[in-house]
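Computed from heavy atoms alone, side chains included, the values below leave out hydrogens, waters and symmetry copies. Chain letters run A, B, ... following the sequence lines, proteins first and then strands; every chain starts at 1.
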There are 2 protein chains.
Amino acid sequence: MRHRLKDVAERAGVSVKTVSNVVNGYQHVRPDTRARVEQAIAELNYRPNLSARNLRKGRTGVIALAVPELDIPYFAELARHVVSAAADHGWTVLIDQTGGGPEQERKAARGIGDHLIDGLIFSPLALSADDLTGLHGTPMVLLGERVDHAPADHVMVDNVAAARETTAHLISLGRRRIAAIGSQRTAEGASARLRLAGYAEALTDAGIGYDERLVAPAPAWHRADGAAAIRHLLATGVRPDAVFCFNDTLALGALRALHEAGLRVPADVAVAGFDDIEDGRFSIPTLTTVAPDKERIARLAVELLAGRLDGDRDAPPRELVAPHRLALRESAPAHP
Amino acid sequence: MRHRLKDVAERAGVSVKTVSNVVNGYQHVRPDTRARVEQAIAELNYRPNLSARNLRKGRTGVIALAVPELDIPYFAELARHVVSAAADHGWTVLIDQTGGGPEQERKAARGIGDHLIDGLIFSPLALSADDLTGLHGTPMVLLGERVDHAPADHVMVDNVAAARETTAHLISLGRRRIAAIGSQRTAEGASARLRLAGYAEALTDAGIGYDERLVAPAPAWHRADGAAAIRHLLATGVRPDAVFCFNDTLALGALRALHEAGLRVPADVAVAGFDDIEDGRFSIPTLTTVAPDKERIARLAVELLAGRLDGDRDAPPRELVAPHRLALRESAPAHP
DNA sequence: ATCGTTGCTTACAACGTTGTAGAAACCAGG
DNA sequence: CCTGGTTTCTACAACGTTGTAAGCAACGAT
């Protein structure tokens, strides 16, 4: 029941190529011919075979966005913006959830990219620059932290500055025992490393010593990890008066665990997150957080990709920084 | 820099087809030939062109999951399960965020499906059965409420029963003025209609009158809509002692608005949601909700799709019901 | 030596589309 | 009615892959 150009052509009494011309909006087709063809297309419910078109043209009009986990709302929100930005270029976006493992990410970077899609916007978690080298079959734009010397365009936010500003804000509230949640030892944790660095810088700037006991690791950055980290801190007798979580889901988990421990936020403990996800605007209390300009990140990524597709594929990689701001809400408000 | 079978063949000194045979694991290839070919493949970093393969074979090994919004965590969580279930079949899942508009959904149902992917798991929001008829170019499995007479397989949960049980639970807590949030007038709102019906049934069963003023519409089912609905109810002088929200994000918004109004949950107002999203396990208070078995939904959907792909494409549509349970948490606990 | 048999390899065509180049139809001006 | 230019249409090849059928060795059995 699936029809081809040939079927339409026979029905309309024209050549296959003429139908193709109609489908592609080619200028020089007589109005009555066009009408006949269009009617045949409608009658047969014809739709072009994208694989064949792609094989011939080398373009599908589809790009992919590969993210570690859609459960992390940051990526879901980012996805919406990418879909919207890509629509302006006439692209369809398909989203590939890699799961964050190195093998799956490698597969996403090579596998999906292979000819089915025109380009890839990729937010890697586990892959390093080495892993990515030589994989760029299709044009690729990386999101997130800089992967040093990665052979691809890049859109990032200034993680160090954002973390420093956030920590500085907590300090300005008079807090001194500021915990950090979300550090990671693995090679993967580029974000974690940068945010930790910003945190440490702010402490140094304020003349506060870096206390390792206040830094809690988190294997993943889910709510459960944030809650577990708080419980661990409290169980070991560490009593922070503020917590900087490396993302918002960690912070929401932290809020919950603090609540369960009978601690008030922000009175006893101020809490700040990173990402500005929707949840944080409705949590109790609402969440102070770093708000990266997701819309801008998405638009820059799509534009970089468009540049690669239309222009020079071998131009040196470009690196763009998207702005961020600090969204002050109840969990660590503007003034004490 | 992209290589084809032909390049590998020349390098290995064999025919194109032999390389193809090696790539596809065909039996009768001499070990030394195979080794030569594999080395050439590795040296050239060859990877097959999926479009060409698809054109020839009619299969890509890629299926799509089309959902309205990934921002709604339910869909994000569902996506994870679908990706995982599909992996067992050797499929890659690409996710298409439709945005929920009728035009985009129609496009998703026809457009993406066109030859680039082997099958589609589709969670429609706006489309009716009529819209879907005749669109099933690729095999399709529908998720969510039954779309009457849709010409496709279907996986659903018993919305009416789930809503009735939840409302009954609120009644068993001694609540009598139970609001419902999330009703929709549009044709789209199949879920809304069914959940409202279950709510009404439970009231009738308990001999409680249906009070229209307690039923608040919500254009979308986001947190902001839930919060707005509560504010609207309170502003109009309606004082519910319980709220049944048609999904969890509505409920989270409701929790926030109740908090802002100085009402305690569950002491003053009990709250229940629908979907069992991760957020609800960490919100303050934690959220009582209908927990559909998402893992099962995903697995059933993938299996139905597998059946279509391997078997009879014209078999009559099947309809499967996935189980659900009521997850009792702080916002409307087990006993008063 | 001859004849299958089996194992391995290859040439060719086809999947549905579009770019190229050129043929046919049309039109205006002489 | 012809000429030359433009518009409209068509035949053919090609994109990279795999199924088909057939070719070519090498082998043991006759």
Item checked: Atom pair distance, as rounded to whole Å: CZ in B:R56 and C1' in C:dA13 -> 8 Å
Check: Which atom names give the shortest non-hydrogen contact between B:A66 and B:L120, and what distance separates them?
Finding: CB-CD1, 4.0 Å
Next item on the list: For C:dG16, take OP1 and OP2 only and decide whether either is under 4.0 Å from a side-chain N or O of A:R4.
Entry: yes
Next item on the list: Answer yes when B:R80 and A:D71 have at least one side-chain N-carboxylate O distance shorter than 4.0 Å, and no when they do not.
Entry: yes
Notebook entry, point to check: What heavy-atom pair brings B:A40 and B:A12 nearest, and what distance separates the two atoms?
Noted result: CB-CB, 4.0 Å
Check: Between A:N49 (CG) and D:dC15 (P), how many Å, whole number?
Finding: 18 Å
Next item on the list: Give the minimum heavy-atom separation between A:V141 and A:A301, together with the two atoms involved.
Entry: CG2-O, 3.7 Å
Margin query: Keeping A:D118 on the side-chain end and A:G61 on the backbone end, is there a donor-acceptor pair under 3.5 Å?
Written below: yes
Notebook entry, point to check: Rounded to the nearest 0.5 Å, how far apart are NZ of A:K294 and OH of A:Y74?
Noted result: 7.0 Å
Next item on the list: Check the distance between D:dG16's C1' and B:K57's NZ and give it to me in whole angstrom.
Entry: 13 Å
Item checked: Length of the CG-C1' vector between A:L44 and C:dG16, whole Å -> 15 Å
Checklist line | Sub-4.0 Å heavy-atom contacts from residues 21-36 of chain A onto DNA chain C, ordered by number | finding: A:N24
Item checked: Base D:dT17 to side chain B:R53, donor-acceptor N/O within 3.5 Å cut-off -> no
Next item on the list: Return the minimal non-hydrogen interatomic distance between A:L304 and A:R318, and the atom names on each side.
Entry: CD2-NH2, 3.3 Å
Check: Among residues 6-19 of chain A, which residues get a heavy atom nearer than 4.0 Å to DNA chain C?
Finding: A:V16, A:K17
Item checked: Closest contact, heavy atoms only, B:D96 versus A:V93 -> OD1-O, 3.8 Å
Next item on the list: Anything under 30° is parallel, anything over 60° is perpendicular, the rest tilted; go ahead and classify A:W91 against A:H89.
Entry: parallel
Margin query: Distance check needed: D:dT18 P versus A:L55 CG, whole Å only.
Written below: 12 Å
Note to self: Distance check needed: C:dT9 P versus B:L5 CG, whole Å only.
What the structure shows: 16 Å
